[in-house]
Engineer: 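First, the structure itself, so that you have it in front of you.
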Amino acid sequence: MSQKIDKLLANLETARDEAPAKRQVSRAPQPQRTIQFRTGNGIPKRYREADWRPENCEDWKGLYEKARKVIKSKSILSLVGGRGTGKTRLAIEVARRVDAIGTEYLTAMDVFLGLQGSYRKDSSESELSILKRLGSKRILIIDEVQERGNTEWEDRILTHLIDKRYGAMLPTILIANLKPEELSVRLGPSIMDRMHEGGGLLEVTGQSFRKK
């Protein structure tokens with residue numbers, strides 16, 4: 001009997017001595033998984049499955065962190081600058097890492113053409129249902145804001161949509177090939193005031209990636 005007890009105690013001592021060593025075994029770092037967008041949210045194919053990492057891009061690291069902070073605070077973000085500087089890529093990668101499932105992307109022209117199409121008798125959607133759907137997206141990206149006619153109707157629609165999302169604390173990303181002062185003229189004081197409140201006007205400068 002005493003031999004069995006001695007053997008049991010010896011086994012316990014061995015297990016205790018070996019346990020710390022096992023806990024100290026380090027695992028090889030796992031590769032970071034690309035976050036996928038859901039289908040049907042308008043994200044262009046070019047940007048859907050990207051291996052771009054903000055931490056590996058010195059030119060964009062600071063802008064990425066600022067943009068991500070604005071979106072996480074549920075504010076309005078505008079990315080302005082010349083063509084091809086990476087504004088759309090930056091917006092989509094921020095949205096990918098904040099809320100890929102809840103993101104929808106479209107251009108300003110998409111918004112207006114969709115609303116105009118709702119006026120047809122055979123349309124399955126109404127102006128109200130479209131605005132309600134866009135107004136409830138957890139993150140909404142509106143690209144090519146400069147591509148519009150600046151009519152009173154367009155101004156009213158854009159202001160209404162952004163103001164509705166602002167009131168609901170849902171972040172909106174606006175992208176435009178404009179200078180900051182030009183954007184102010186295009187969007188008007190109502191939207192600009194709400195955007196400045198969250199520090200959401202960022203200019204993306206540098207050489208066009210499309211020329212490389």
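Every value quoted in this text rests on a predicted model; they were computed, and no experiment measured them. One-based numbering along the sequence shown.
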Engineer: Locate the shortest heavy-atom distance separating Ala176 from Lys87; write the atom from each residue and the value.
Structural biologist: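 Heavy atoms of Ala176 and Lys87 come nearest at O-CE, 3.4 Å.
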Engineer: For the backbone of Tyr47 and the side chain of Arg96, can you confirm whether one donor and one acceptor N or O come within less than 3.5 Å of each other?
Structural biologist: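 Yes, Arg96 side chain to Tyr47 backbone: donor-acceptor pair under 3.5 Å.
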Engineer: Taking Thr88 as the fixed residue, which of Leu79, Ile43, Asp143 is the one that meets the side-chain contact (heavy atoms from CB on, under 4.5 Å) rule?
Structural biologist: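 Of the listed residues Leu79, Ile43, Asp143, the side-chain contact (heavy atoms from CB on, under 4.5 Å) partner of Thr88 is Asp143.
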Engineer: Let me confirm one number: the CD1-CD1 distance from Ile142 to Ile76, rounded to the nearest 0.5 Å.
Structural biologist: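 The CD1 atom of Ile76 is 10.0 Å from CD1 of Ile142, to the nearest 0.5 Å.
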Engineer: Atom CZ of Arg83 and atom CG of Leu178: how far apart are they, to the nearest 0.5 Å?
Structural biologist: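 Arg83 atom CZ to Leu178 atom CG measures 9.0 Å (nearest 0.5 Å).
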Engineer: Hey, does Arg68 have a side-chain heavy atom less than 4.5 Å from the side chain of Leu77?
Structural biologist: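 Sidechains of Arg68 and Leu77: no contact.
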Engineer: I'd like to check Glu147 versus Phe112 (side-chain heavy atoms, cut-off strictly below 4.5 Å). Are they in contact?
Structural biologist: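 No - every pair of side-chain heavy atoms lies 4.5 Å or more apart.
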Engineer: Can you name the one residue among Ile101, Thr103, Val98 that meets side-chain contact (heavy atoms from CB on, under 4.5 Å) with Arg138?
Structural biologist: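 Only one option passes, and that is Ile101.
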Engineer: Should Ile92 and Ile173 count as side-chain neighbours, where that means a heavy-atom distance under 4.5 Å?
Structural biologist: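 No. Closest side-chain heavy atoms not under 4.5 Å.
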Engineer: Can Leu170 and Lys137 be said to form a side-chain contact (heavy atoms from CB on, under 4.5 Å), step by step?
Structural biologist: CA-CA 7 Å; Leu170 294 171; Lys137 297 297 179 180; over 6 Å; no
Engineer: Determine, using the 4.5 Å side-chain heavy-atom cutoff (strictly less than), whether Ile141 and Leu201 are members of one ILVMFWY cluster.
Structural biologist: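 Looking at the clustering, Leu201 is in a separate group from Ile141.
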Engineer: Would you check if Val70 and Leu202 make a side-chain contact, meaning some heavy-atom pair closer than 4.5 Å?
Structural biologist: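 No; the side chains remain at least 4.5 Å from each other.
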Engineer: State, to 0.1 Å, how close Gly117 and Ser123 come at their nearest heavy-atom pair, and which atoms those are.
Structural biologist: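 Closest approach of Gly117 to Ser123: O-CB, 3.5 Å.
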Engineer: Please report the interatomic distance CG(Leu183) to CD(Glu203), rounded to the nearest 0.5 Å.
Structural biologist: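 The CD atom of Glu203 is 10.5 Å from CG of Leu183, to the nearest 0.5 Å.
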Engineer: According to a hydrophobic-cluster definition based on side-chain heavy atoms being under 4.5 Å apart (Ile, Leu, Val, Met, Phe, Trp, Tyr only), do Val111 and Trp153 belong together?
Structural biologist: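 Same cluster.
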Engineer: Output yes when a side-chain donor or acceptor of Arg148 lies under 3.5 Å from a complementary backbone atom of Met109, and no otherwise.
Structural biologist: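 Between the backbone of Met109 and the side chain of Arg148 there is no qualifying donor-acceptor contact (under 3.5 Å).
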Engineer: Under a 4.5 Å side-chain heavy-atom rule over Ile, Leu, Val, Met, Phe, Trp and Tyr, are Leu158 and Met195 clustered together?
Structural biologist: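 They do share one cluster, since a chain of ILVMFWY contacts under 4.5 Å joins Leu158 to Met195.
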Engineer: Nearest 0.5 angstrom please: Lys72 NZ to Ile139 CD1, how far?
Structural biologist: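 So the NZ of Lys72 and the CD1 of Ile139 are separated by 9.0 Å.
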Engineer: When clusters are formed by joining ILVMFWY residues with side-chain heavy atoms under 4.5 Å apart, either directly or through shared neighbours, do Leu115 and Leu128 land in the same one?
Structural biologist: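 Cluster IDs for Leu115 and Leu128 differ.
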Engineer: Compare every heavy atom of Leu187 with every heavy atom of Ser78, then report the nearest pair and how far apart it is.
Structural biologist: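 Result for this residue pair: OG-CD1, 4.4 Å.
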Engineer: For Arg194 and Ser190: C-alpha separation, side-chain torsions, deciding distance, then whether side chain to side chain donor-acceptor pair (under 3.5 Å) applies.
Structural biologist: CA-CA 7 Å; Arg194 286 161 173 74; Ser190 178; 3.0 Å; yes
Engineer: Using a 3.5 Å distance criterion without hydrogens, assess whether the side chain of Arg165 forms a donor-acceptor pair with backbone atoms of Leu134.
Structural biologist: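 Checking the backbone N and O of Leu134 against the side chain of Arg165, a donor-acceptor pair under 3.5 Å is found.
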Engineer: If I take atom CD1 from residue Ile175 and atom OH from residue Tyr105, how far apart are they, to the nearest 0.5 angstrom?
Structural biologist: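 Atom-to-atom, Ile175:CD1 and Tyr105:OH are 6.0 Å apart.
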Engineer: Counting only heavy atoms not in Lys69 (residues, nucleotides, ligands), do more than 12 fall under 6.0 Å from its NZ?
Structural biologist: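 Not more than 12 within 6.0 Å, no.
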Engineer: Considering non-hydrogen atoms only, spot the tightest contact between Asn177 and Gly82 and give its length.
Structural biologist: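 Here Asn177 and Gly82 meet closest at OD1-O, 4.0 Å.
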Engineer: Without swapping roles, check the side chain of Ser184 against the backbone of Glu181 for a donor-acceptor pair under 3.5 Å.
Structural biologist: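 A pair under 3.5 Å: no.
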Engineer: Quick check on side-chain contact (heavy atoms from CB on, under 4.5 Å): which of Leu90, Val204, Val80 does Thr85 satisfy it with?
Structural biologist: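 Looking at Leu90, Val204, Val80, the match for Thr85 under the side-chain contact (heavy atoms from CB on, under 4.5 Å) is Val204.
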Engineer: With side-chain contact (heavy atoms from CB on, under 4.5 Å) as the criterion, how do Leu140 and Leu106 come out once you've worked through the C-alpha distance, each side chain's angles and the decisive distance to 0.1 Å?
Structural biologist: CA-CA 8 Å; Leu140 182 66; Leu106 72 171; 3.5 Å; yes
Engineer: How long is the straight-line distance from CD1 of Ile157 back to CD of Glu152, given to the nearest 0.5 Å?
Structural biologist: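 Here the interatomic distance stands at 11.0 Å.
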Engineer: Where is the tightest heavy-atom contact between Ser75 and Ser73, given as atom of each residue plus distance?
Structural biologist: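 Minimum heavy-atom separation between Ser75 and Ser73: OG-OG, 3.1 Å.
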Engineer: If you measure from the Lys or Arg side-chain nitrogens to the Asp or Glu carboxylate oxygens, is any gap between Arg186 and Glu182 under 4.0 Å?
Structural biologist: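 No, Arg186 and Glu182 are not salt-bridged.
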Engineer: Does some side-chain heavy atom of Thr172 sit less than 4.5 Å from a side-chain heavy atom of Leu161?
Structural biologist: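 Leu161 vs Thr172: side chains apart.
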Engineer: Are side-chain heavy atoms of Gln116 and Leu113 found at a separation under 4.5 Å?
Structural biologist: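 Side-chain contact under 4.5 Å: yes.
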Engineer: Within the distance-only criterion (no hydrogens, no angle test), does the side chain of Ser136 pair as donor or acceptor with the backbone N or O of Lys132 below 3.5 angstrom?
Structural biologist: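 Yes, because the side chain of Ser136 sits within donor-acceptor range (under 3.5 Å) of the backbone of Lys132.
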Engineer: Under a single-linkage definition using a 4.5 Å side-chain heavy-atom cutoff for Ile, Leu, Val, Met, Phe, Trp and Tyr, are Val145 and Ile71 assigned to the same hydrophobic cluster?
Structural biologist: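 Unlinked, Val145 and Ile71 end up in two clusters.
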